[in-house]
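When reading the values below, keep in mind they use all heavy atoms of this one structure, side chains included, and skip hydrogens, waters and symmetry mates.
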Amino acid sequence: MSAAPDQFDGTIEHARLLDTLQLEGELFHVQGLELDSRRIWVTSVDQENRKGYIHEFDRRTGKLRRRLELTDGAKYHPGGISISGRSIWVPVAEMKPKSAAILVEIDADSLQIRRKIHVADHLGCVAASGRNLVAGNWDSELLYIFDLGDNARMRIVPNPSPTHYQDMKFVDGQLVAGGSLTLWSGAVDWIDWPSMKLRRTLRAGAIGPVRPLGRGGPYTGEGMAIEGRELYVVPEDGPSRLFRFKLDDPHESRSI
């Protein structure tokens with residue numbers, strides 16, 4: 001396993017903040033982020049009432065359009081999310097390690113649930129691409145790899161990084177995953193697919209002091225999405241902001 005990156009006091013390494021967008025609508029403890037040309041999706045968990053949601057916002061205005069409750073009995077913790085085609089994949093788990101979860105496929109247009117895959121572990125994030133799903137368990141110590149074209153056949157590999165992934169995506173044939181290292185630092189990792197070898201890491205600092213309600217913490221500690229060389233994060237619980245960063249040319253960035 002690779003050593004943890006040194007403490008980083010900036011925002012995100014080799015990235016320049018372009019702007020922020022206020023998300024105008026009720027959000028709880030933010031978990032995952034995904035977007036397309038018109039919409040922003042954010043998952044959050046209402047810990048007090050033990051309910052989980054996916055929220056859809058207008059990408060231009062930041063205004064809430066609708067939300068879908070994802071609570072399934074003791075499973076009320078939605079995690080990091082991923083879009084593939086017209087489907088959004090969301091893990092919904094019990095709020096404890098070594099428990100149980102479902103991977104929920106949601107139609108991105110109607111927000112109707114298409115299918116559920118039951119897994120005997122807590123799953124906190126998922127990346128989706130065609131017939132492939134990669135999901136991380138509690139702190140992403142293990143990565144579950146599913147082949148949807150083979151009856152959701154599953155294999156498990158160790159996380160090649162010390163980063164506790166919260167959100168992950170398939171980008172240009174690689175996995176890009178963001179998460180926390182400590183209460184005040186995090187990272188974004190690039191992992192080769194399907195070898196699952198760690199290739200590149202960008203360090204992240206904290207947005208502010210860690211508070212009891214989770215308003216501070218690493219920029220990469222919660223929702224993350226990526227489009228080309230633009231990186232998006234939602235590090236705060238509601239009221240939340242979407243931060244947009246421009247990434248440097250990867251050949252100029254620190255490599256593993």
Side chain to side chain contact (heavy atoms under 4.5 Å, CB included) assessment of Met224 paired with Gln166:
CA-CA 8 Å; Met224 180 216 72; Gln166 175 60 40; over 6 Å; no
Decide side chain to side chain contact (heavy atoms under 4.5 Å, CB included) for Val119 and Ile102; before the verdict, give the C-alpha distance in whole Å, the side-chain angles of both, and the deciding distance to 0.1 Å.
CA-CA 6 Å; Val119 181; Ile102 49 174; over 6 Å; no
Passes side chain to side chain contact (heavy atoms under 4.5 Å, CB included), Val134 versus Val126? Steps please.
CA-CA 5 Å; Val134 178; Val126 65; over 6 Å; no
Begin with the C-alpha distance, continue with both residues' side-chain angles, and end with the deciding distance and a verdict on side chain to side chain contact (heavy atoms under 4.5 Å, CB included) for Leu143 and Ile156.
CA-CA 6 Å; Leu143 301 179; Ile156 305 172; over 6 Å; no
Show the numbers, then the answer: is there a side-chain hydrogen bond (donor to acceptor under 3.5 Å, both in side chains) between Tyr144 and Asp121?
CA-CA 10 Å; Tyr144 287 71; Asp121 197 357; 2.7 Å; yes
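Under a 3.5 Å cut-off, the side chain of Asp189 and the backbone N or O of Ala177 do not form any donor-acceptor pair. Panel note: side chain Asn137, backbone Glu141; a donor-acceptor pair is recorded below 3.5 Å. Side-chain N or O atoms of Thr43 include one that pairs as donor or acceptor with a backbone N or O of Gly32 at under 3.5 Å. Judged by distance alone, with hydrogens and angles left aside, the side-chain atoms of Ser140 form a donor-acceptor pair with the main-chain N or O of Tyr165 at under 3.5 Å. In this structure a side-chain-to-backbone donor-acceptor pair under 3.5 Å is present from Glu13 to Arg203. A donor-acceptor pair is defined here as one N or O able to donate and one able to accept, closer than 3.5 Å; no such pair exists between the side chain of Arg200 and the backbone of Trp190. Using a distance-only test at 3.5 Å, with no hydrogens or angles considered, a donor-acceptor pair links the side chain of Thr220 to the main chain of Ala187. Checking side-chain atoms of Asn49 against main-chain N and O of Lys51 turns up no donor-acceptor pair under 3.5 Å. A donor-acceptor contact shorter than 3.5 Å is absent between the side chain of Ser185 and the backbone of Leu181.
A heavy-atom distance below 4.5 Å is not found between the side chains of Ile113 and Asp107. Between Pro160 and Lys197, every side-chain heavy-atom pair lies at or beyond the 4.5 Å cut-off. Using a 4.5 Å heavy-atom threshold, the side chains of Phe245 and Thr11 count as touching. With contacts defined as side-chain heavy-atom distances shorter than 4.5 Å, the pair Leu70/Ile106 qualifies. By the 4.5 Å heavy-atom criterion applied to side chains, Phe170 and Leu175 are counted as neighbours. By the 4.5 Å heavy-atom criterion applied to side chains, Val188 and Val176 are counted as neighbours. Counting only heavy atoms from C-beta outward, the side chains of Phe57 and Arg39 never approach each other to under 4.5 Å. Residues Arg244 and Leu17 have side chains not in contact (no heavy-atom distance under 4.5 Å, counting atoms from C-beta outward).
Going from atom CG of Leu27 over to atom CZ of Arg67 covers 9.0 Å, rounded to the nearest 0.5 Å. The CG atom of Leu33 sits 12.0 Å away from atom NE2 of His55, with the distance rounded to the nearest 0.5 Å. Taking CE of Met168 as the reference point, atom CG of Leu133 lies at 11.5 Å (rounded to 0.5 Å). The CD atom of Glu222 sits 11.5 Å away from atom SG of Cys125, with the distance rounded to the nearest 0.5 Å. In this structure, the separation between OH on Tyr76 and OG1 on Thr71 is 9.5 Å, given to the nearest 0.5 Å. Residue Asp72 holds its CG atom at 5.0 Å from NZ of Lys75, rounded to the nearest 0.5 Å.
Shortest non-hydrogen contact noted between Ser240 and Val30 is OG-CG2, 3.5 Å. Of all the heavy atoms in Ser161 and Leu198, the pair that sits closest is CB-CD2, 4.0 Å. Here the closest heavy-atom approach between residue Trp184 and residue Pro218 is recorded as C-CG, 4.1 Å. Taking each heavy atom of Pro78 and Val90 in turn, the nearest pair found is CB-CG1, 3.9 Å. Shown here for Asn132 and Trp193, the closest heavy-atom pair between the two residues is CG-CZ2, 3.7 Å.
A salt bridge (Lys or Arg N to Asp or Glu O under 4.0 Å) check over residues 168-181, counting only residues at least two apart or in different chains, returns the pairs Asp167-Lys169.
A side-chain donor-acceptor contact under 3.5 Å links Gln31 and His29.
In terms of hydrophobic clustering, with Ile, Leu, Val, Met, Phe, Trp and Tyr side chains grouped at heavy-atom distances under 4.5 Å, Leu231 and Phe243 are assigned to a common cluster. Note: the hydrophobic cluster containing Val104 also contains Ile54 (ILVMFWY, side chain heavy atoms under 4.5 Å, direct or indirect links). Placement of Leu148 and Ile145 in two distinct hydrophobic clusters is found when ILVMFWY residues are connected by side-chain heavy-atom separations under 4.5 Å, directly or transitively. A continuous path of Ile, Leu, Val, Met, Phe, Trp and Tyr side chains, each step under 4.5 Å between heavy atoms, connects Val233 with Leu247, placing both in one hydrophobic cluster. When hydrophobic clusters are built by joining Ile, Leu, Val, Met, Phe, Trp and Tyr residues whose side-chain heavy atoms come closer than 4.5 Å, directly or via intermediates, Met95 is grouped together with Val45.
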Give the table of side-chain donor-acceptor pairs shorter than 3.5 Å for residues 79-89, with sequence neighbours excluded, one pair per line with atom names and distance.
from	atom 1	to	atom 2	distance (Å)
Ser82	OG	Ala128	N	2.9
Ser84	OG	Gly130	N	3.0
Ser87	OG	Glu105	OE2	2.6
Ser87	OG	Arg114	NH1	2.4

Please set out all donor-acceptor pairs under 3.5 angstrom arising from side-chain atoms of residues 59-66, sequence neighbours excluded.
from	atom 1	to	atom 2	distance (Å)
Arg59	NH1	Asp36	O	2.6
Arg59	NH1	Glu227	OE2	3.0
Arg59	NH2	Glu227	OE1	2.9
Arg59	NH2	Tyr232	OH	2.9
Thr61	OG1	Asp58	OD1	3.3
Thr61	OG1	Lys63	N	3.2
Lys63	NZ	Glu24	OE1	2.9
Arg65	NE	Glu56	OE2	3.3
Arg66	NE	Glu56	OE1	3.2
Arg66	NE	Glu56	OE2	3.3
Arg66	NH1	Asp109	O	3.1
Arg66	NH2	Glu56	OE1	3.1
Arg66	NH2	Asp109	O	2.5

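Residue Asn151 places its CG atom among 12 or fewer non-hydrogen atoms of other residues, nucleotides or ligands, all under 6.0 Å distant. For NZ of Lys96, the number of neighbouring non-hydrogen atoms (other residues, nucleotides, ligands) closer than 6.0 Å is 12 at most.
Taking 4.0 Å as the cut-off between side-chain N and carboxylate O, Asp192 and Arg199 count as a salt-bridged pair.
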